[in-house]
Amino acid sequence: MMDDDLRPDPDALLAALPAPRGKLKLFFGAAPGVGKTYAMLAEAQEKRAAGLDVVVGWVDTHGRAETEALLVGLEVLPRKQIAYRGKQVAEFDLDAVLARRPALVVVDELPHSNAPGSRHPKRWQDVDELLSAGIDVYSAMNVQHLDSLNDVVSGVTGVAVAETVPDHVFDRASEVRLVDLPPDDLLLRLAAGKVYLPEVAERAAGHFFRKGNLIALRELALRRLADRVDGQMRAQREVQSRAPVWATSLGVLLVLGHGDEDSAVRQAARLARALSAPWHAVWVDRGHAGAAARSSVLTALAQAAEQGAHTLVLAGPAPASLIADYARRHNLSLLALSQRGNRPRWLGASLQQQLAQRAPELNCLILAAGERAKGGTAGWRWPRAEAGGWWQTTLASLALTAAMLPLRGVLDAANLVMLYLLLVLLAAVRYGRAPAAWAAVLSVALFDFFFVAPHWSFAVSDIQYLITFAVMLTVGLVAGQLVASQRQSAAQAGRREAHTRYLYEMARELGSALMPEQVGEITGRFLQASLNAQISLWLPDAEEQLEALPDTPLTVDAALVRWSFDHQQAAGQGTHTLPDAAQLYLPLQAPMRTRGVLVVAVPDALALADPDNRRLCEAVAALAAQTLERLHYIEVAQQTLLSMESERLRHSLLAALSHDLRTPLTALSGNAETLLLALQRAGRAEQEQAALLLAQSQRITRLVTNLLEMARLQAGGVTLHQDWLPADEVIGSAIAALGSMLDAHPLQLDVDPACPMLYGDAILLERLLVNLLENAAKYSPPGSPIRVSAAAEDGRILLRVADRGPGLPPGDPARLFDAFSRGERESAISGVGLGLAICRTIADVHGARLSAANRHDGGACFTLSLPLRPPPALDFDPENLP
Amino acid sequence: MHALTALIIEDEAAIRRFVKSALEDEGYRVFEADTVARGLIEAGTRKPDIVVLDLGLPDGDGLSLLPDLRSWSKVPVIVLSARVDEVDKIAALDAGADDYLTKPFGVGELQARVRALQRRRGGDAGEGNGSLVRLGDTVTVDLANRSVSRDGEPLHLTQLEYRLLATLLAHRGKVLTHRQLLQEVWGPGYVEHSHYLRIYMAHLRQKLEADPAQPRFLRTETGVGYRLL
């Protein structure tokens, strides 16, 4: 009746929660040598002195004596040695810290890049994993390593920085402490050899450590920190205001593909952050990008995604309208374009002009060209697909000329030109722009040579044929361009349509899958068909060990599978975790839990960099995960049905057995009692035998009752009807149930009036007490008292039954509770030793402990210790009726 | 004074035999039936003062007889059953039975239950006059004045305690299930709050019983309900 009051144990709930994320404290400086490591270690020492478990995961003291002195007393973890290109490289040992589980770990040099073969390519990713594991981290970095400021810093100092940290790491750090040192002091320290060893210091002073540089860097650092504080303040204000101010619909759309992608992504990311606006990055694939350009754009898209952008590849011949549509659909009002080289006016309106025409409501921002891109748009080249037509166009031009030669006098030159024009157009449509241009050049030359007076010479007497040439060339190029775009967008649309169809068909097939093996087979088949990929599906078994489905030819890194499963994050190719791996590891995340890991191996490494393909893999993984979850619940439902059925069977079997045993026993004991009463009334001597008959039948009855009870409990089909029970009512009903059996023993009841109510099954607890009291009566001499008490102690309710008998037999008291174990072998006292086993089973199902001990002044004492639960409240005033 | 009659509906002759002699000892004229159908006919023709009904009968569950019987008679019914689940007991009590005995049972136990039920049917003639009801030797309930006294001293009961006591008194000798009591005393919205009932029963025993842990008249039917003897 009170079953719905079974609240989950809060401790269990807490244990099930993931550990809270650790806190990151960043020591932030403008330049090397300002004393970040020193400050960090000094603070670590303070924490250690305060009793915190602090270890040093990685610190490089650069030979500075004061800093080294601060390491004294701190536990420094050994570094991991990684073999790389024949050398041993020392790296931070992430697993050692995870295994050691300190409260706080010091990991210096956050921007460091790990040696290839490490779990993560960057140290900040190691730190991120530490934080996820609930470990606090102290780390340090300089302003020039911030991703968004990278360009600015290299512009100011002339020194390019390769190792960067994404801004979100900086922004999400729990605390950033600025370690500041005025430039003059820093230069003094440098001169005193406190920053670098003397010979390095000299070189550094000439380059990086110019005073002007240092002032600029310091300003950048201070400003970045001020931005961070400002952002926190704004966030705080938004949280506090009851009706949050709606974010303006200012979103940033970065259009890639115009060269200098890296810098464009960084600038757009910085812009979006400054505006606290969402941002998207798109690339219009018009089909003429070469492999290198394509790869650089795709890499930039991946970077943008990493910086928080939504990314998409669009395809179509009219970029301006595609972009304008996209921006309107996603409510992005600020377009960011990187500046394109010097586009000749005569090629027509530039993209930004077209955009201004098509979408005047959009703001257009031209991003500054980065340092590295000033050479223009490298990598733009004739598309490979067009390379085929050179011979064909040459032959066709020659053939056309040969065919027209006899007609020289018959047809007008203008009509002959038309035929050449047709050839150029056909070349453009068939082979693309370059062969078309070639056809145009060749056609003009042949026409000039053969058909324009003076014949058989290239001399042009009439300037008007230049127009002919220009028209042919233009037609060739324009037609070629149109066809190429059309083809590209058709191909992309085809690919997308194919992906959708694959997913649709796969969903349909998965819908009828009944075994995990089928899920693996279907998933593998579809990824094979769509990406030419091979897969391996890893599923957890009952012990949460991941096992690959059989028949997968892939060799897979099982540790990475485990990592992806545990962290619910994608790993391997194209991700942050072991990007050098040959495969992509996708966790199968279903609504209830992670159902396994899908490993995808694609022959073309670049294929996974395309957001479309990556999304396809993720969609496939999601479908597989949902199917696996569905299969899991089907299994659960079947098992439940099965166990319900078997329980029903057990129950009816026991009920039949119970009925068949109890009916004759009733007749036996009832008639024996009637006989006894009749003989007593008649004063006959045979009444003694009748009494024996009755006693023995009652003994068998108790035995049968216990046996049936044990069978019922052990069959596992016990449903607890838990309820709130006053202790004295439970004890009282047990005593009443025993009736005359306790007549020979004076009862001492001691129920503490303050004893709270028990939460349990009334019938089972009564059974337990009946058995304990019965034992007490059986094993103690007649006339000796039996004491029953109830009281709350130390958060538990203790029910005790104590007698003045011979006490427990020697040996382990816990053994008494085993079935068929008795205090004395073959004793005259009846019973088969089921009583205490039943008691223990009942205690177990209540989450209670049952123990036995000897009383120090003689006799045995059995104690039932029930967990104390907060009693329910009465939700009405007892004096006034509802 | 005409002899009281009893009807035993039970298919096991050996059980019928001793139940019959137990009832005859109590002064009943006993009729017997061994099927549900026969039992209904006997109950209609003999108009018994008490019915002892076995649940496992050859032509059906004894419970199926109760709705028919209850449609025209208020005769006390004691159910006999080999089923031990409290769910079965509650089902029998809800179907209209007054008491329940699990096999095997003692003769004395059966006779005590029969006496308790017969006392209610006898209109409390011997228990007191008019609205005065005696519980045991010490407690007197005045139904007209809604007052209770113990050893001649007036007792203060809260409204709810009195209402609980009055409900039990109205069905004296009969086992009332938790649900039945909660519904009558607290109302239909409280039938799941059985801890209310237990708390108030404990209060009532503290006030009325000499030894609340071993009550003489406010008896616990474990897992099922309470009964006032």
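Lettering follows sequence order; numbering is per chain, from 1.
- Interface summary for chain A: among B:A14, B:A22, B:A202, B:G56, the most heavy-atom pairs under 4.5 angstrom belong to B:A14.
- For the pair B:H195 and A:L725, the minimum side-chain heavy-atom distance is 4.5 Å or more.
- To the nearest 0.5 angstrom, A:S733 atom OG is 10.0 Å from B:E221 atom CD.
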Exercise for review: Please report the C-alpha distance between B:L55 and A:H659 in whole Å, then the side-chain angles of each, then the deciding distance to 0.1 Å, and finally whether the side-chain contact (heavy atoms from CB on, under 4.5 Å) criterion is met.
Suggested key: CA-CA 11 Å; B:L55 288 192; A:H659 179 265; over 6 Å; no
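- A pairwise comparison of heavy atoms in A:G670 and B:V107 identifies O-CG2, 3.6 Å as the closest pair.
- Applying the side-chain contact (heavy atoms from CB on, under 4.5 Å) test between B:F18 and each of A:L677, A:T674, A:L675 identifies A:T674 as the sole match.
- Taking both residues in full, the closest heavy atoms of B:P104 and A:T666 are given as CA-OG1, 3.4 Å, listed atom of the first, atom of the second, then distance.
- Within a 6.0 Å sphere centred on CZ of B:R17, other residues, nucleotides and ligands contribute 12 heavy atoms or fewer.
- Rounding to the nearest 0.5 Å gives a distance of 9.0 Å between CZ of A:R662 and OG of B:S81.
- Annotation: B:R146, atom CZ; neighbour count of heavy atoms from other residues, nucleotides and ligands within 6.0 Å does not exceed 12.
- Using a 4.5 Å cut-off between heavy atoms, A:S669 touches chain B through its side chain atoms alone.
- For the atom pair CD1 (A:I763) and CD (B:E86), the distance works out to 4.0 Å, reported to the nearest 0.5 Å.
- Residues A:E729 and B:T222 fail the side-chain proximity criterion, which asks for heavy atoms closer than 4.5 Å.
- The shortest non-hydrogen separation linking A:A762 to B:R198 is CB-NH2, 4.4 Å.
- Contact of B:R205 with chain A is made through the side chain alone, with heavy-atom distances under 4.5 Å.
- For the set A:E766, A:E709, A:M757, A:Q698, the count of heavy-atom pairs under 4.5 angstrom toward chain B peaks at A:E766.
- Using a 4.5 Å cut-off between heavy atoms, A:L665 contacts chain B through both its backbone and its side chain.
- Within the 4.5 Å cutoff, the side chain of A:L747 has heavy atoms near those of the B:Q214 side chain.
- Contacts between B:Y162 and chain A at a heavy-atom distance below 4.5 Å are absent for every atom of the residue.
- The part of A:I735 that comes within reach of chain B is its side chain, from C-beta onward, which places non-hydrogen atoms under 4.5 angstrom from that chain.
- In this structure, the side chains of A:T701 and B:K103 stay at 4.5 Å or more apart for every pair of heavy atoms.
- There is no contact between A:R767 and chain B, counting heavy-atom distances below 4.5 Å.
- There is no contact between B:D54 and chain A, counting heavy-atom distances below 4.5 Å.
- With a 4.5 angstrom heavy-atom cutoff, B:Q206 touches chain A only via side-chain atoms.
- Counting heavy atoms of neighbouring residues, nucleotides and ligands inside a 6.0 Å radius, atom CD of A:Q680 exceeds 12 of them.
- A:E673 and B:G108 get closest at one heavy-atom pair: OE2-N, 3.4 Å.
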